[in-house]
Amino acid sequence: MQRAQNKLGLILFPAFDWRITPTHPEREERLLYTIDQIEEEGFFDYENVFVFNPEIIDEKYINLTHFCVPNFDSIATISHKIAASSTITIAKKVISKKVEKGFALIRPPGHHARRITYGDRGFCIINNEAIMVEYLRKEYKIGRIAIIDTDCHHGDGTQDIFWNDKDVLFISLHQDGRTLYPGSGFIDEVGGPAAIGYTLNLPLPPYTSDEGFLYCLENLILPILEEFKPDIIINSAGQDNHYSDPLTNMNFSAQGYAKLTERLNPHISVLEGGYSVESALPYVNLGIIFALAGIDYSNIKEPDYDYEKLRQSPKISEYIKRLCENVYTIWKNKEQTAHEFKKKYQKYYTRKKSIYYDTMGFLEQQLENIKICNKCSGLITIESRCLNYKVFAITIPHDACDECCDEGYKLFTTYDPVNFSHIILQDKKNFEFYKKGNLK
């Protein structure tokens with residue numbers, strides 16, 4: 001089939017200086033084999049393909065996305081900053097129309113990094129896509145953004161950051177959290193009081209194949225995107241749904257990824273997980289690249305690909321059909337659900353959270369309060385305890401009313417550093433960041 005070709009921008013950043021251990025699945029070989037495959041296919045010779053180098057970003061974009069404790073330099077490396085910078089660089093190329101599509105083939109990944117981050121969990125320290133969203137809003141005034149997360153693990157960090165933000169539609173397509181880290185991403189996780197229904201989760205059963213993923217896309221995700229009408233679509237393009245991945249239990253293929261990418265038609269894709277270094281990543285990445293560039297991908301297949309062996313059972317197909325129906329009902333009823341929710345809680349919505357840092361082996365305890373405001377999405381405050389730190393974090397949202405803005409600054413001014421190691425304020429409305437207490 002003849003396809004209309006797109007100008008495609010790529011950033012390739014293997015992060016040679018960062019790994020958890022030399023033999024850990026999250027290491028630079030994840031991208032080196034892909035780069036070899038791209039060169040072997042002669043892809044760099046295509047006239048519609050452009051390779052860019054990342055520009056180093058202002059750290060303020062990170063601080064307006066995350067509360068890094070004790071600070072960014074203590075928990076992350078220059079590779080993490082370059083990975084986040086890569087997403088911003090590719091976004092600039094797309095928004096300025098130098099290219100039509102962009103793919104940031106980068107590591108370390110980021111979608112498990114939450115609003116507050118103390119270090120590495122799920123191989124993630126800072127959230128590359130969320131930082132890019134912060135940049136797009138500040139510099140380009142982008143209004144409505146959709147993030148479709150197709151990593152096999154639930155994008156709990158991205159969900160946490162945009163939990164109460166209805167201008168960012170977050171849809172995560174992942175292996176059921178009852179069977180895989182991080183143990184979250186169920187259909188009743190639908191967003192905060194100002195954004196109910198703008199977080200949507202599709203927990204898929206193990207051994208879901210191409211058929212199941214593409215059914216979700218065609219029958220749920222695309223119809224919702226048509227209704228939401230985003231200004232930009234971002235794909236958190238994790239590749240650990242592949243049938244050969246050592247950490248997961250799914251049956252997605254390179255052809256499936258390519259078809260999903262073509263139909264989803266994201267403006268920007270960002271590599272997340274995927275740990276079958278030789279058997280999957282070179283083929284999946286190539287499929288995604290060809291799909292984004294509008295080049296025929298029908299011959300891209302893994303050497304051991306067997307359609308019949310990977311087919312999902314009728315039971316799984318029926319389960320996925322019911323799942324999509326239930327999630328679409330959540331989307332359609334979101335206004336009524338939000339009305340009932342605000343009527344029930346009236347002033348504040350409080351969540352207690354225990355967050356385990358699996359790579360580092362420590363536990364964070366959070367108490368989050370979201371103000372229910374009739375004029376804006378509401379001030380957010382978080383008390384967080386982890387290791388020897390006690391943090392009081394304040395987020396003034398992008399659409400903050402004067403009352404919530406003033407309340408945020410008053411809290412920052414009046415809270416006593418004696419009782420907290422860190423008191424931190426994110427003012428997303430005015431793009432300001434303040435911190436006091438033990439700043440080391």
Side-chain angles (χ1 to χ4, degrees), residues 1-3 8 10 12 25-27 29-43 46 103 105 109 148-153 173-176 179-180 202 204-219 221 235-266 269 271-317 319-320:
M1 182 179 70
Q2 187 69 32
R3 293 177 169 87
L8 173 64
L10 296 177
L12 306 166
E26 175 43 65
R27 62 187 190 275
E29 282 84 0
R30 290 184 62 222
L31 294 189
L32 297 181
Y33 281 100
T34 291
I35 294 170
D36 288 344
Q37 187 81 3
I38 293 171
E39 289 177 340
E40 187 176 316
E41 294 288 336
F43 193 74
Y46 282 74
F103 190 10
L105 279 153
I148 312 302
D149 191 323
T150 51
D151 191 281
C152 198
H153 302 84
L173 194 66
H174 52 268
Q175 184 175 323
D176 194 315
T179 65
L180 191 70
L202 289 111
L204 301 174
Y207 310 110
T208 296
S209 71
D210 293 1
E211 177 188 349
F213 285 94
L214 296 173
Y215 182 93
C216 293
L217 179 71
E218 295 290 348
N219 294 277
I221 296 172
N235 178 205
S236 292
Q239 299 169 20
D240 38 11
N241 286 300
H242 194 268
Y243 61 83
S244 67
D245 196 276
L247 304 184
T248 63
N249 311 101
M250 300 300 245
N251 282 338
F252 211 22
S253 73
Q255 278 289 303
Y257 273 104
K259 290 175 184 175
L260 183 145
T261 302
E262 182 180 32
R263 291 292 293 121
L264 179 61
N265 195 26
S269 293
L271 178 64
E272 282 291 339
Y275 306 100
S276 180
V277 172
E278 296 181 60
S279 301
L281 287 174
Y283 304 99
V284 175
N285 278 321
L286 203 62
I288 292 173
I289 289 169
F290 273 52
L292 289 170
I295 299 169
D296 180 24
Y297 53 76
S298 59
N299 292 323
I300 299 173
K301 288 187 175 69
E302 306 86 334
D304 64 343
Y305 175 74
D306 185 336
Y307 172 76
E308 291 299 327
K309 184 178 178 181
L310 297 172
R311 286 184 70 177
Q312 67 191 35
S313 69
K315 185 178 179 180
I316 289 176
S317 297
Y319 181 92
I320 291 173

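A quick note: this is a predicted structure, and the numbers were derived from the prediction, not measured.
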Take T150 and N235 through the test side-chain hydrogen bond (donor to acceptor under 3.5 Å, both in side chains) and record every step on the way to the result. CA-CA 7 Å; T150 51; N235 178 205; 3.1 Å; yes
Who are the side-chain contact (heavy atoms from CB on, under 4.5 Å) partners of [X], not counting sequence neighbours?
X	result
E302	H242, Y243, S253, A254, Y283, D304, Y305
D36	E39
Y46	F43, N48, V49, F290, I295

Should L214 and L260 be marked as a side-chain contact (heavy atoms from CB on, under 4.5 Å) after you check the CA-CA gap, both sets of side-chain angles, and the distance that decides it? CA-CA 6 Å; L214 296 173; L260 183 145; 3.9 Å; yes
Walk me through whether S244 and S276 qualify under side-chain hydrogen bond (donor to acceptor under 3.5 Å, both in side chains). CA-CA 6 Å; S244 67; S276 180; 2.7 Å; yes
Should the pair R311-E308 be classified as a salt bridge under the 4.0 Å nitrogen-to-oxygen rule? yes
Could you check whether Q255 and Y307, counting side-chain N and O atoms only, form a donor-acceptor pair closer than 3.5 Å? no
Are a donor atom and an acceptor atom from the side chains of Q175 and N249 found within less than 3.5 Å of each other? yes
Residues passing the ring-ring contact (aromatic ring centres under 6.0 Å, His included) test with Y257, sequence neighbours excluded, are F252
So the salt bridge (Lys or Arg N to Asp or Glu O under 4.0 Å) pairs with at least one residue in residues 209-218 (sequence neighbours excluded) are E218-R263
Evaluate side-chain hydrogen bond (donor to acceptor under 3.5 Å, both in side chains) for H153 paired with D240, printing each intermediate quantity in order. CA-CA 8 Å; H153 302 84; D240 38 11; 2.9 Å; yes
Would I288 and Q239 count as a side-chain contact (heavy atoms from CB on, under 4.5 Å) here? Give the steps. CA-CA 10 Å; I288 292 173; Q239 299 169 20; 3.6 Å; yes
Return the set of residues passing salt bridge (Lys or Arg N to Asp or Glu O under 4.0 Å) with E40 (not counting sequence neighbours), or none when no residue passes. none
